[in-house]
Amino acid sequence: MKKAMLAALIGTSTLLASGTVSAQAKPEDVIKFRQGVYQVVGWHTRTMGGMVKGQIPYDQAEFARNAEIVAMMSTVAPHAFAPGSDKGAPTRARPEIWSDAAGFKKVMDNFQAEATKLAQVAKTAGSVDQVRGQFSAMSKSCGACHDNYRTK
Ligand code: HEC
């Protein structure tokens, strides 16, 4: 009896920890979540872009903090595309995300790799020139997905 309850509890916490959208989540909620994830990604990328372009003074700690947030959010993003969330609210997600799951995974993995690398480089980058190249590589990984998996 005790054992069964424990097993049930562990089962539940594993489910929660996995971060996947539950079967009960409504498509419109998933879409809202997804757009929120990308709003956070966009916000922090814009701040870094401002520094790279010289519109905002380069601040190593601040740049690194922004890069870390984007890297963390890149691990959240795959959980914002639950099957069935292609409709239910206005969304720019293209059906190819689900019909070409392997291709989508590739651009998602690439985004995670580039964002993680930027966060690493940013930790010790004493000047903006030291983050410029990797920032550009990460920005390209956004475009690689948007070009094929997001409507105009
Ligand atoms: C693996 C695919 C993928 C990657 C990588 C990606 N995006 Fe997106 N992005 C999307 C999709 C799909 C949407 C549309 C979401 C929707 O409308 O449901 C989106 C939407 C957005 C939005 C609009 C959010 C809103 O208000 O609705 C912004 C801003 C954005 N992305 C910025 C970025 C930036 C910046 C990067 C890179 C640092 C990035 N994205 C990387 C797929 C991606």
Side-chain angles (χ1 to χ4, degrees), residues 13-152:
S13 64
T14 308
L15 210 71
L16 289 174
S18 76
T20 48
V21 179
S22 85
Q24 287 88 355
K26 293 197 215 98
E28 60 262 42
D29 292 339
V30 179
I31 292 169
K32 217 189 283 171
F33 168 56
R34 175 162 72 225
Q35 292 168 348
V37 167
Y38 282 115
Q39 273 168 26
V40 174
V41 168
W43 180 274
H44 294 280
T45 300
R46 213 161 31 243
T47 303
M48 291 189 279
M51 290 191 203
V52 167
K53 287 183 204 135
Q55 294 160 344
I56 310 171
Y58 177 69
D59 177 323
Q60 191 262 325
E62 191 54 16
F63 191 100
R65 190 181 70 84
N66 282 280
E68 224 165 82
I69 293 167
V70 173
M72 195 266 278
M73 293 310 282
S74 78
T75 71
V76 177
H79 301 291
F81 291 93
S85 65
D86 55 325
K87 52 182 172 293
T91 173
R92 292 169 71 192
R94 279 171 55 169
E96 285 80 359
I97 290 169
W98 296 276
S99 66
D100 173 29
F104 183 68
K105 185 181 184 306
K106 218 182 206 171
V107 289
M108 184 64 91
D109 287 350
N110 185 44
F111 167 49
Q112 286 180 349
E114 298 294 5
T116 304
K117 197 166 165 202
L118 181 61
Q120 270 159 7
V121 169
K123 270 186 199 159
T124 55
S127 82
V128 71
D129 289 333
Q130 290 175 282
V131 290
R132 200 182 298 280
Q134 187 52 35
F135 178 78
S136 154
M138 189 201 66
S139 302
K140 280 196 189 107
S141 78
C142 315
C145 186
H146 291 165
D147 288 351
N148 293 310
Y149 300 98
R150 187 177 76 164
T151 59
K152 300 278 178 271

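The structure displayed is predicted, hence computed values, not measured ones. Remember, it's 1-based here, ligands and their atoms both numbered in the order they're listed.
Salt-bridge annotation for Arg65 and Glu62: present, with a side-chain N of the basic residue lying under 4.0 Å from a carboxylate O of the acidic one. At a threshold of 4.0 Å, the pair Asp129-Arg132 counts as salt-bridged, since one of the basic side-chain nitrogens sits closer than that to a carboxylate oxygen.
Here Arg150 has side-chain heavy atoms under 4.0 Å from ligand 1, and that is the only part of it that gets that close. The residue Ser74 has no part lying near ligand 1, judged by heavy-atom distances below 4.0 Å. Residue contacts with ligand 1 for Met138 involve side-chain atoms from C-beta outward but no N, CA, C or O (heavy atoms, distance under 4.0 Å). By the criterion of a heavy-atom distance under 4.0 Å, the side chain of Phe111, and not its backbone, is placed next to ligand 1.
Between Pro27 and Lys87 the shortest side-chain heavy-atom distance does not fall below 4.5 Å. Phe81 is not listed as a side-chain neighbour of Val37, based on a closest heavy-atom distance of 4.5 Å or more. Under the 4.5 Å side-chain criterion, counting only non-hydrogen atoms from C-beta, Asn148 is not in contact with Glu96.
Each of the following atoms of ligand 1 lies closer than 4.0 Å to a heavy atom of Tyr149: 12 (C). Residue Cys145 approaches ligand 1 through these ligand atoms, each under 4.0 Å from one of its heavy atoms: 1 (C), 2 (C), 3 (C), 4 (C), 5 (C), 42 (C), 43 (C). Set against the non-hydrogen atoms of Phe104, the atoms of ligand 1 under 4.0 Å away are 1 (C), 2 (C). Near Ser141, meaning under 4.0 Å from any of its heavy atoms, are these atoms of ligand 1: 5 (C).
At distances below 3.5 Å, at least one donor-acceptor pair connects side-chain atoms of Gln134 with backbone N or O atoms of Glu114. Remark: the backbone N or O of Arg150 is not paired with any side-chain donor or acceptor of Arg92 at under 3.5 angstrom. The closest donor-acceptor contact from the side chain of Arg34 to the backbone of His79 lies at 3.5 Å or more, if one exists at all. With hydrogens and angles disregarded, no donor-acceptor distance shorter than 3.5 Å links the side chain of Trp43 to the backbone of Tyr38. For the pair Tyr149 (side chain) and Phe104 (backbone), a donor-acceptor distance under 3.5 Å is present.
Ranking protein heavy atoms by distance to atom 18 (O) of ligand 1, first place goes to Thr91 OG1, 2.6 Å. Summary of contacts: the protein heavy atom closest to atom 15 (C) of ligand 1 is Arg34 NE, 3.9 Å. Of all protein heavy atoms, the one lying nearest to atom 32 (C) of ligand 1 is His146 CE1, 3.7 Å. Among all protein heavy atoms, the one lying closest to atom 36 (C) of ligand 1 is Cys142 SG, 2.8 Å.
Across Phe33, Tyr38, Trp43, heavy-atom proximity to atom 29 (C) of ligand 1 is greatest for Tyr38. Residue Arg92 holds the heavy atom nearest to atom 17 (O) of ligand 1 of all those in Arg92, Gln112, Lys106.
For ligand 1, one of its N or O atoms has an N or O atom of Gln39 under 3.5 Å away. Taking distance alone, with nitrogen or oxygen atoms compared against 3.5 Å, Thr45 stays at or beyond that limit from ligand 1.
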